A.B. asks: 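Right, I'll just put the structure down here and ask away after.
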Amino acid sequence: MYGTDIPYRNGKDRAMKKSRIAAIAAAMLTISLSGCQAKEAAETEQPPYEDFSQVCVSSDAEAKDIYVVTKAHNSSYWQILCQGAQQAGNDLNYNIYTGGTVYETDLDGQIQLLEKAQTAGADAILIAPVNSNETYPILQEMKASGIPIILVDTISNSIDFDACFMTDNMQAGRIAAEDMLKKLKETGSSEGEPLQVGIQVGSLESQTIIERVAGFFEYWMEHAPEKWSISEQIYCNEGSISKATELTEEMMLSSEYLRGLLGCNNGSTVGLSTALKESGRKDLVLVGFDFSDEIAELIRNEDYTASTVVQHQFEMGYQGVMAASALFEGNYEDGRFVDTQVELIDSQNVEQYETSR
């Protein structure tokens, strides 16, 4: 069964597990990286954020104003999350404003948006932090002023929030690793021969990404054949799909033993899918995150081997607004952390998934 927990026999083993995971997460911040330097000049000239637009207008003149702050705002993943918030706003008769950064790593742009929301008199904030550490001061200030803070998709490394709706990203990483190993074996990779998997991420400041990679490493270390390895170089595209595509081309030339590609977020997965199709490389297994036209096309094409770990971001947005409503009334009781679950989509269930969306 996908996502089963790894058994540890005693407390010492569990302590070793936690230590190993912490080491993996820390290593992500210092590991040899490609693509994480300053953005290209053409990219830095773009505005740092997509300004707020009112996507839900209440008929009540006294209605609450809820602001939703995302990252890589125009990507399909974040637009679906915003649709969930909009639906809840329609159901509860709130004003919903959505906006977000252009790039997943643009801390300054996100802080500017938060300041704009605060100045505009936001009654509640839904936010997916671009940086799990550096957003702390402004979120602390906003919560201290009485504004409910609801995290969606990504955790903030602080206690200054009221609720959080997100994926168990360690578990999601394990699911991705389990499926990668399964599909590598199904496509004929020999356990007795060298094999390598390359990883691409959109950001290294997001706790979401750190936990997914740590979960992938954890499961891989426990279950992969001895000669199978993960590339020491993690490729970072800074939330740019064009850069993600370019980096994939670099990844495919990086090792003669490369047989697997892991995309740890939507933009990375889109870039990996695009480059894989353009190259015609059918010998590589692709496991991604989130659902886009690009990954769906590869999953449906029997010439490729691809799958993706799908989150329920519509529910994150919807439940986030519902939580804000309960907080307004002083009766929120669901707990600070709500796991919105994931599911693995591949050729066996892609049609069913698309029909049910």
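Small disclaimer: the values here were computed from a predicted structure and weren't measured.
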A.B. asks: Classify the side-chain pair Thr248/Gln200 by whether it contains a donor and acceptor separated by less than 3.5 Å.
C.D. replies: yes

A.B. asks: From Asn169 CG over to Thr208 OG1, what is the distance, rounded to the nearest 0.5 angstrom?
C.D. replies: 4.5 Å

A.B. asks: Stepwise, does the side chain to side chain contact (heavy atoms under 4.5 Å, CB included) test hold for Thr105 with Glu205?
C.D. replies: CA-CA 7 Å; Thr105 56; Glu205 287 75 41; 3.9 Å; yes

A.B. asks: Would you tell me whether Asp290 and Thr308 have side-chain atoms, one donor and one acceptor, within less than 3.5 Å of each other?
C.D. replies: no

A.B. asks: Are the aromatic rings of Phe161 and Tyr136 close, with centres under 6.0 Å apart?
C.D. replies: no

A.B. asks: Taking the side chain as every heavy atom from C-beta outward, state whether Gln110 and Val69 have any atom pair closer than 4.5 Å.
C.D. replies: yes

A.B. asks: For the atom pair CG (Leu195) and CG (Leu181), what is the distance rounded to the nearest 0.5 Å?
C.D. replies: 9.0 Å

A.B. asks: Side-chain contact test, heavy atoms from C-beta onward, threshold under 4.5 Å: evaluate it for Asp153 versus Thr167 and give yes or no.
C.D. replies: no

A.B. asks: Could you tell me whether the side chains of Tyr67 and Asp123 share a donor-acceptor contact shorter than 3.5 Å?
C.D. replies: no

A.B. asks: Can you confirm whether Val201 sits close enough to Ile234 that some side-chain heavy atom of one is under 4.5 Å from a side-chain heavy atom of the other?
C.D. replies: yes

A.B. asks: Can you tell me how far CD of Glu134 sits from CG of Asp108, rounded to the nearest 0.5 angstrom?
C.D. replies: 10.0 Å

A.B. asks: Tell me, do Glu50 and Asn74 make a side-chain contact under 4.5 Å, heavy atoms counted?
C.D. replies: yes

A.B. asks: Please examine the side chains of Met170 and Glu218, heavy atoms only from C-beta on, and report whether any two atoms are closer than 4.5 Å.
C.D. replies: yes

A.B. asks: Are the side chains of Ile150 and Ile125 in touch, meaning some heavy atoms are under 4.5 Å apart?
C.D. replies: no

A.B. asks: Go through the steps for Lys143 and Asp162 under the test salt bridge (charged side-chain N to carboxylate O under 4.0 Å, His left out), then give the verdict.
C.D. replies: CA-CA 9 Å; Lys143 189 171 187 310; Asp162 296 283; 3.6 Å; yes

A.B. asks: Given side chain to side chain donor-acceptor pair (under 3.5 Å), test Asp179 with Ser307 step by step and report yes or no.
C.D. replies: CA-CA 8 Å; Asp179 193 57; Ser307 62; 2.5 Å; yes

A.B. asks: State, without any angle test, whether Gln311 and Tyr77 hold a side-chain donor-acceptor pair at a distance under 3.5 Å.
C.D. replies: yes

A.B. asks: Side chain to side chain contact (heavy atoms under 4.5 Å, CB included) for Thr340 and Gln319? Distances and angles first, verdict last.
C.D. replies: CA-CA 9 Å; Thr340 50; Gln319 295 300 329; 5.8 Å; no

A.B. asks: Taking the cut-offs as 6.0 angstrom to the six-membered ring centre and 45 degrees off its axis, would you call Arg174 and Phe216 a cation-pi pair?
C.D. replies: no

A.B. asks: Is the ring centre of Phe328 less than 6.0 Å from the ring centre of Tyr94?
C.D. replies: yes

A.B. asks: Do Glu297 and Asn301 get their side chains close enough for a donor-acceptor pair, meaning under 3.5 Å?
C.D. replies: no

A.B. asks: Would you say Ser132 and Asn157 are linked by a side-chain donor-acceptor pair, where the criterion is simply a distance under 3.5 Å?
C.D. replies: no

A.B. asks: Are the aromatic ring centres of Tyr353 and Phe291 under 6.0 angstrom apart?
C.D. replies: yes

A.B. asks: Just how far is it from atom OG of Ser273 to atom CG of Leu261, taken to the nearest 0.5 Å?
C.D. replies: 9.5 Å

A.B. asks: Using the rule side chain to side chain donor-acceptor pair (under 3.5 Å), only one of Asn265, Thr154, Asn131, Asp106 pairs with Lys71; which is it?
C.D. replies: Thr154

A.B. asks: Taking the side chain as everything from C-beta on, heavy atoms only, tell me whether Leu286 gets closer than 4.5 Å to Leu298.
C.D. replies: yes

A.B. asks: With rounding to the nearest 0.5 Å, note down the distance linking OG in Ser325 to CG in Asn331.
C.D. replies: 8.0 Å

A.B. asks: Just checking, is any N or O donor in the side chain of Glu104 or Ser203 under 3.5 Å from an acceptor N or O on the other one?
C.D. replies: no

A.B. asks: Starting from the C-alpha separation in whole Å, work towards a yes-or-no answer on side chain to side chain donor-acceptor pair (under 3.5 Å) for Asp339 and Gln341.
C.D. replies: CA-CA 5 Å; Asp339 178 10; Gln341 305 294 314; 3.1 Å; yes

A.B. asks: Check the pair Lys227, Glu191 against salt bridge (charged side-chain N to carboxylate O under 4.0 Å, His left out), reporting the backbone distance first and the verdict last.
C.D. replies: CA-CA 7 Å; Lys227 292 191 176 182; Glu191 295 187 21; over 6 Å; no

A.B. asks: What's the spacing between Glu278 CD and Met252 CE if we round to 0.5 Å?
C.D. replies: 8.5 Å

A.B. asks: I'd like to check Arg300 versus Val350 (side-chain heavy atoms, cut-off strictly below 4.5 Å). Are they in contact?
C.D. replies: yes

A.B. asks: Asp51 and side chain to side chain donor-acceptor pair (under 3.5 Å): which partner among Gln112, Lys116, His73?
C.D. replies: Lys116

A.B. asks: Using the rule given for side chain to side chain contact (heavy atoms under 4.5 Å, CB included), can you reason through Trp220 versus Trp228, listing the C-alpha separation, both sets of side-chain angles and the distance that settles it, and then say yes or no?
C.D. replies: CA-CA 9 Å; Trp220 184 275; Trp228 292 11; 3.7 Å; yes

A.B. asks: With no hydrogens and no angle check, do the side chains of Asp60 and Asn93 hold a donor and an acceptor under 3.5 Å apart?
C.D. replies: no

